[in-house]
Amino acid sequence: MDWDKLRVFHAVAEAGSFTHAGDTLNLSQSAVSRQISALEEALQVPLFHRHARGLILTEQGESLNRTVREVFAKLAMTEALLTESKEKPAGRLKVTTTVGFGSSWLAPRLPIFLEQYAEITMQLLLDDTDLDLAMREADVAVRMHTPKQPDLVQRHLTAIEWHVCASPEYLKKFGTPKTAEELDAHRLILFGDHHAPVADINWLAEIGRRPGSPRKALLELNSLRGMLVAAKAGLGIAAVPDYMHAETDGLVQVLADIKAPKVDVYFVYPEELRNSKRVAVFRDFLLAQLAGR
């Protein structure tokens, strides 16, 4: 199979149309269409169902795309390793982590890292779902749970704790809870029924209650930063991770002695990047920054 045709096929399969793939490849729609037709003729199987709204992979096309995606992912990883300087870390590093941790803690510290390693460039992908490192959706990840994918190198970075907080105005109006049970009489701000960035994120609704009878929220949001803003507005009590401490100005911490679940944080990456200098220096940077947080 011709590599150029496979590259075009992969672009079409990911884009879902000849036009969008052509934009990515800087080719005309007709040139893309001719390449796909030639590949189908060579293989003697249809790769796409064509209809008015776009393209859908056939069963044979799905099978080919799975293999092509893996091949190109391996090639991209090999290229990155080959082009990395033997003398010092260099090249592009694609990092993924949760929206809350990435925006509140990691992003403000990246200028220090990128200034120290001037030949590294970075792409930061914030997503509360796990990107597939094996498929090179990212090079490394900072995860708030034990890695689920096999064959990933993992390093425990730290454990995150929680701050339960509310605005002075809220506490003046509704009082300050002294025990977990007293939360029954308070308004809670919880994480909504969405992809939770960490396990047990709504533990504040459960603590001090019988199993299976959680407290109801006054407000649910699918954003930790949004929960913090709502707490500052006086809407209720929220539990936020300690990495957001710098953003809790104006809030009062309550129930400081309560036993909350801890969140273990891991640095993970594929086995193929074990000897990458970019990965190593970024891991060491995270460890140093988290030690002093």
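Owing to the predicted nature of the structure, the values given are computational and were not obtained by experimental measurement. Excluded from the calculations below are hydrogen atoms, water molecules and symmetry mates; all remaining heavy atoms, backbone and side chain alike, are included.
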Taken in chain and number order and not counting sequence neighbours, the residues that satisfy side chain to side chain contact (heavy atoms under 4.5 Å, CB included) with E181 are T179
Which heavy atom of S167 sits nearest to which heavy atom of G234, and what is that distance? OG-CA, 3.3 Å
Give every residue pair that meets the side chain to side chain donor-acceptor pair (under 3.5 Å) criterion with at least one member in residues 216-229, sequence neighbours excluded. S104-R225, R225-E247
Quick check on the hydrophobic clustering: are L251 and V229 connected, directly or via other members, by side-chain heavy-atom contacts under 4.5 Å? no
Should I56 and V45 be counted in the same cluster of Ile, Leu, Val, Met, Phe, Trp and Tyr side chains packed under 4.5 Å apart? no
Heavy-atom side-chain contact between L183 and R215 under 4.5 Å: yes
Do I201 and L224 come close enough that some side-chain heavy atom pair is under 4.5 Å? yes
Between T24 and H20 (side chain of the first, backbone of the second, donor and acceptor by atom type, cut-off under 3.5 Å), is there such a pair? yes
Between Y269 and F267, what is the ring plane arrangement, given parallel below 30°, perpendicular above 60°, and tilted in between? tilted
Contacts of Q60 that satisfy side chain to side chain donor-acceptor pair (under 3.5 Å) - sequence neighbours left out: T58
Over all heavy atoms of both residues, which pair between C165 and V240 is shortest? Give the atoms and the distance, please. SG-CG2, 4.2 Å
Correct closest heavy-atom pair for V263 and M144 would be CG1-O, 3.6 Å
Please examine the side chains of H10 and N65, heavy atoms only from C-beta on, and report whether any two atoms are closer than 4.5 Å. yes
What distance separates E206 CD from D200 CG, expressed to the nearest 0.5 Å? 8.5 Å
State whether R209 and D184 are salt-bridged, where the test is any N-O pair (Lys NZ or Arg NE/NH1/NH2 against Asp/Glu carboxylate O) under 4.0 Å. yes
Could you check if a side-chain atom of H186 sits within less than 4.5 angstrom of a side-chain atom of Y170, using non-hydrogen atoms only? yes
Rounded to the nearest 0.5 Å, what separation is found between the CG atom of L221 and the CE atom of M227? 7.0 Å
Suppose we screen for side chain to side chain contact (heavy atoms under 4.5 Å, CB included). Which residues come up paired with M122, at least two apart in sequence or across chains? L93, V95, L110, F113, L114, F282
Look up atom CG in D2 and atom CZ in R7, then write down how far apart they are to the nearest 0.5 Å. 10.0 Å
same_hphob_cluster(L124, V142) at 4.5 Å side-chain heavy-atom cutoff: yes
Tell me, which pairs form a salt bridge (Lys or Arg N to Asp or Glu O under 4.0 Å) where one or both residues lie in residues 122-133, sequence neighbours left out? D130-R143
Tell me, with the steps shown, if I189 and L228 meet side chain to side chain contact (heavy atoms under 4.5 Å, CB included). CA-CA 9 Å; I189 301 167; L228 197 63; over 6 Å; no
Excluding sequence neighbours, so at least two apart, what forms side chain to side chain contact (heavy atoms under 4.5 Å, CB included) with A239? W162, V164, W203, L204
Tracing side-chain links under 4.5 Å among I, L, V, M, F, W and Y, which residues wind up in one group with L131? L125
Are L106 and V281 connected into the same hydrophobic cluster when the rule is that any two of I, L, V, M, F, W, Y join if their side-chain heavy atoms are below 4.5 Å apart? yes
Under the side chain to side chain contact (heavy atoms under 4.5 Å, CB included) test, residues paired with P168 that sit two or more places apart: V252
Less than 4.5 Å apart, any side-chain heavy atom of F285 and any of I112? yes
Test log, rule side chain to side chain contact (heavy atoms under 4.5 Å, CB included), inputs F191 and V198: CA-CA 10 Å; F191 197 90; V198 299; over 6 Å; no
Which heavy atom of V32 sits nearest to which heavy atom of G22, and what is that distance? CG2-CA, 3.8 Å
Listed by chain and number, what are the ring pair (Phe, Tyr, Trp, His ring centres under 6.0 Å) partners of F18, not counting sequence neighbours? none
Side-chain heavy atoms under 4.5 Å apart, restricted to Ile/Leu/Val/Met/Phe/Trp/Tyr: what other residues fall into the cluster of L133, or is it alone? L152, Y266, V268
Minimum side-chain heavy-atom gap L126-T97 below 4.5 Å: yes
Taking every non-hydrogen atom, the tightest pair across S17 and L55: CA-CD1, 3.9 Å
Taking salt bridge (Lys or Arg N to Asp or Glu O under 4.0 Å) as the cut-off, I'd like each qualifying pair that reaches into residues 262-271, sequence neighbours left out, listed once. E161-K262, E271-R274
Side-chain donor/acceptor of R187 to backbone N/O of L235, under 3.5 Å: no
Approximate separation, where rounding is to 0.5 Å, of L39 CG and L64 CG: 6.5 Å
Could you state the interatomic distance from CZ (R278) to CZ (R92), rounded to the nearest 0.5 Å? 10.0 Å
Do H156 side-chain atoms and T158 backbone N/O form a donor-acceptor pair below 3.5 Å? yes
Would you mind reporting whether V8 and L25 have side-chain heavy atoms less than 4.5 Å apart? yes
Pairs in or reaching into residues 30-47: which pass side chain to side chain donor-acceptor pair (under 3.5 Å), with residues at least two apart or in two chains? S28-S30, E40-R50
Tell me, do P214 and N202 make a side-chain contact under 4.5 Å, heavy atoms counted? no
Heavy-atom pair with the smallest gap, counting every atom of S103 and P108: O-CD, 3.6 Å
Value rounded to 0.5 Å, distance of CG in D284 from CD in Q289: 12.0 Å
Same apolar cluster: V68 and M135, side chain cutoff 4.5 Å: no
